[in-house]
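Here, residue 1 is the first one in the sequence, and each next residue gets the next number. These numbers come from a predicted model, not from an experiment.
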Amino acid sequence: MAKVFICLLSLLPMPSNMAKRTSFWLFLIFLCVLGVRLYFAFQSPEFSTDDAYQVIRQVEHIRETGLPLFKDPLLFQAQTSLFLPGYYYVLAAFSFLFPGTMYLKIVPNLFGALLVFFAYLLSSAVTKDRTANLLVALVAGFNPLFFRSTFNSLSIDNLIAPLLFLLVYLFIKIPSLEQKANAFLLLLVFLLFTTPLVMIFLLGSALFFLLLRLQKMRVMKGQVEIVLFSVILFFWSILIVFKRPFLDLGVSVIWQNIPSPLVGVFFSAVPPLQIVSLIGIFPLFAGAYAIYRNLFGKPNRQILLMTAILLGLVLLLFFHLIQDSTGFVYFALFFTLLFGEFVALADDWFSRTKFAAGKGYFLLAIVVLSIFSSVVPAVVYAESALADTPTQTELDALSWIEQHTAADSTILVPLDQASLLQQKTRRRVVMNDDFLSMKDVDERYADLNTMYTSLYKTNTLSLMTTYGVDYVLFSPRISRAFNIDSLAYIDERCFTRTYDDGVEVYRVRCRIGERDD
């Protein structure tokens, strides 16, 4: 592991006489970020999002068979679902290096903490100010939005964010270092078969060329060629992987075939004040100033690239081509790089004025503000995310289901707890968030909600017969989600309460036209 860190540090462009000091501070920031992430991650053996349990099932299936789980046997009438499996293979490879399930906590957080090195690397291509670059590494590592959404969720963003930073860095270096093109293409190919978020870079680079034209700056031929090749490769890979879903589901694949009632949840309009709080008021102000000075002063190619990527993210969010929760994470991270430019500009201004003696106090104030606008909110958000983990009461109920129900049983459970139930009990569910495997996604989502909120037993039993529901799960979490105190249609004739210890499990004894005694 130490050799990996040494190799990463060797990539960083530092003057030789300052290398040791800068390496020390950078490595210290990395250890702090990793330590805090692991501290909060190990506060609970469980995860904060239901998606994490789907990742676990994929990794376990790859370990056992060598192939991803393209057709879920624990989902009612599931069709074959195609997705990009690169992240699952990476986790499966690391799983052989750690005992038990420790890798699920350690490896994703290690990836997330590596963002510190790649943020410094990319920032060094934007500005040569070492202090600014170190502050960028600190603010990026503790970015509240990125920290909260990744430290306890098995989110793919843990891996993609650092690699996306590296991809942009290699793109910047292509005109001066032609050999970087090979590294760029190798990384691009890996990302293409891992995540569609490469489109953030592709759209941003296209807008970058437009901004260069508007600023009457030279467009590098090597960069244009590699972006055109990347765009062709991107659409080719999408066509290979998602050809069948496109034929089956049409253009809804672009929006992940999300049920219509959930579109407002996945692509909601975020109020401006909330955007400020998500990114941080100080980094937002500093980044906005850097953009303004660059557009209306002497333009900098690298700042124009960061600005173009941010504009691309705005377009992706506006046209609902990327989920808000994901888009704002990357928006905040790339804004962090502009924060480094602001620090460098301020440092240079102090050095050229009679206030040079106060530069040290200014930098100290910047560090303090960075800590209070990034580190402190990250810790607060981490504690709130831990509140979303399954309770012991809920886990006990799932354990009971695994031990006391037939292996081919179908359990009625809400969408946001379906993958958890599948992973813990190995029982079938009506619906999970693998929307691309469902042609009837809107109907199925409506039926799932109806089976919890309906006032009429006949209608509910008709749906339960259709989906083969054998047991119904009801808990305080479900009660809050559906805003109901109890299941209105429950009676002793058709429903038997088989478990009641903070969470209730009911066995369905009736079908339309028959009764199972």
Side-chain angles (χ1 to χ4, degrees), residues 1-12 14 18-44 48 98 102-124 129-155 157-159 161-163 165-166 278-280 282-283 286 329 332-337 339-340 343 363-386:
M1 192 66 69
K3 292 182 178 180
V4 175
F5 297 140
I6 293 173
C7 291
L8 284 170
L9 291 175
S10 67
L11 289 172
L12 305 178
M14 313 173 204
M18 295 296 293
K20 290 184 179 180
R21 182 183 301 177
T22 307
S23 297
F24 168 79
W25 285 109
L26 190 60
F27 192 70
L28 182 61
I29 293 172
F30 165 77
L31 289 179
C32 289
V33 172
L34 180 60
V36 173
R37 291 177 71 98
L38 290 178
Y39 169 78
F40 282 105
F42 278 103
Q43 292 297 303
S44 170
S48 302
F98 296 90
M102 287 183 60
Y103 72 96
L104 294 172
K105 294 287 186 177
I106 295 175
V107 175
N109 280 297
L110 177 61
F111 290 153
L114 288 176
L115 181 67
V116 167
F117 293 109
F118 293 109
Y120 183 95
L121 186 66
L122 183 52
S123 181
S124 68
D129 190 301
R130 292 185 300 275
T131 302
N133 296 336
L134 286 172
L135 281 172
V136 166
L138 174 68
V139 174
F142 283 107
N143 180 273
L145 199 54
F146 178 70
F147 195 97
R148 185 191 191 282
S149 64
T150 58
F151 84 96
N152 195 42
S153 67
L154 298 185
S155 170
D157 294 326
N158 278 311
L159 177 63
L163 294 185
F165 271 29
L166 179 59
L278 291 175
I279 298 176
F282 182 57
V329 165
L333 289 177
F334 277 100
F335 230 103
T336 300
L337 298 166
F339 164 72
V343 174
L363 292 177
L364 178 62
I366 292 292
V367 172
V368 173
L369 285 173
S370 299
I371 292 174
F372 276 97
S373 64
S374 298
V375 181
V376 174
V379 172
V380 173
Y381 281 178
E383 292 177 343
S384 66
L386 288 173

Separation between CG of Leu166 and CG of Leu122, rounded to the nearest 0.5 Å: 9.0 Å
Separation of Leu154 CG from Ser48 OG (nearest 0.5 Å): 10.0 Å
Pair Glu383-Phe40, side chain to side chain contact (heavy atoms under 4.5 Å, CB included): steps then yes or no: CA-CA 8 Å; Glu383 292 177 343; Phe40 282 105; 3.7 Å; yes
Exercise: identify the closest heavy-atom pair between Asn133 and Ser123: OD1-OG, 2.6 Å
Crowding at OH, Tyr39 (>12 non-hydrogen neighbours, <6.0 Å): no
Euclidean distance, Ile29 CD1 relative to Phe27 CZ, rounded to 0.5 Å: 12.0 Å
Point-to-point distance, once rounded to the nearest 0.5 Å, from CD1 of Ile106 to CZ of Phe98: 5.0 Å
Rounded distance [0.5 Å steps], CG in Asn152 versus CZ in Phe42: 10.0 Å
Interatomic distance, Met102 atom CE to Leu38 atom CG [nearest 0.5 angstrom]: 9.0 Å
Candidate pair Leu121 and Phe165, rule side chain to side chain contact (heavy atoms under 4.5 Å, CB included), full reasoning: CA-CA 8 Å; Leu121 186 66; Phe165 271 29; over 6 Å; no
Leu159 vs Leu163 side-chain heavy atoms within contact, under 4.5 Å: yes
Side-chain (Ser384) to main-chain (Tyr381) donor-acceptor, under 3.5 angstrom: yes
Those residues that, when tested against Thr336, pass side-chain hydrogen bond (donor to acceptor under 3.5 Å, both in side chains) (two or more places apart): none
Under the salt bridge (charged side-chain N to carboxylate O under 4.0 Å, His left out) test, residues paired with Arg148 that sit two or more places apart: Asp388
Phe147 side chain reached by Asn143 side chain, heavy atoms, under 4.5 Å: no
Please tabulate, for the side chains in residues 109-118, all donor-acceptor contacts under 3.5 angstrom to protein atoms that are two or more places apart in sequence or on a different chain.
{"from": "Asn109", "atom 1": "OD1", "to": "Arg37", "atom 2": "NE", "distance (Å)": "2.9"}
{"from": "Asn109", "atom 1": "OD1", "to": "Arg37", "atom 2": "NH2", "distance (Å)": "3.3"}
{"from": "Asn109", "atom 1": "ND2", "to": "Lys105", "atom 2": "O", "distance (Å)": "2.7"}
{"from": "Asn109", "atom 1": "ND2", "to": "Phe151", "atom 2": "O", "distance (Å)": "3.1"}

Val379 and Phe142, any side-chain heavy atoms less than 4.5 Å apart: no
Heavy-atom pair of closest approach, residues Ala161 and Leu333: CB-CD1, 3.8 Å
Nearest heavy atoms of Ser149 and Ser155, plus distance in Å: O-CB, 3.6 Å
Closest non-hydrogen atom pair, Ser374 against Val139: OG-CG1, 3.4 Å
Heavy-atom pair with the smallest gap, counting every atom of Ala132 and Gly340: CB-O, 3.3 Å
Close side-chain approach of Tyr120 and Val136, heavy atoms under 4.5 Å: no
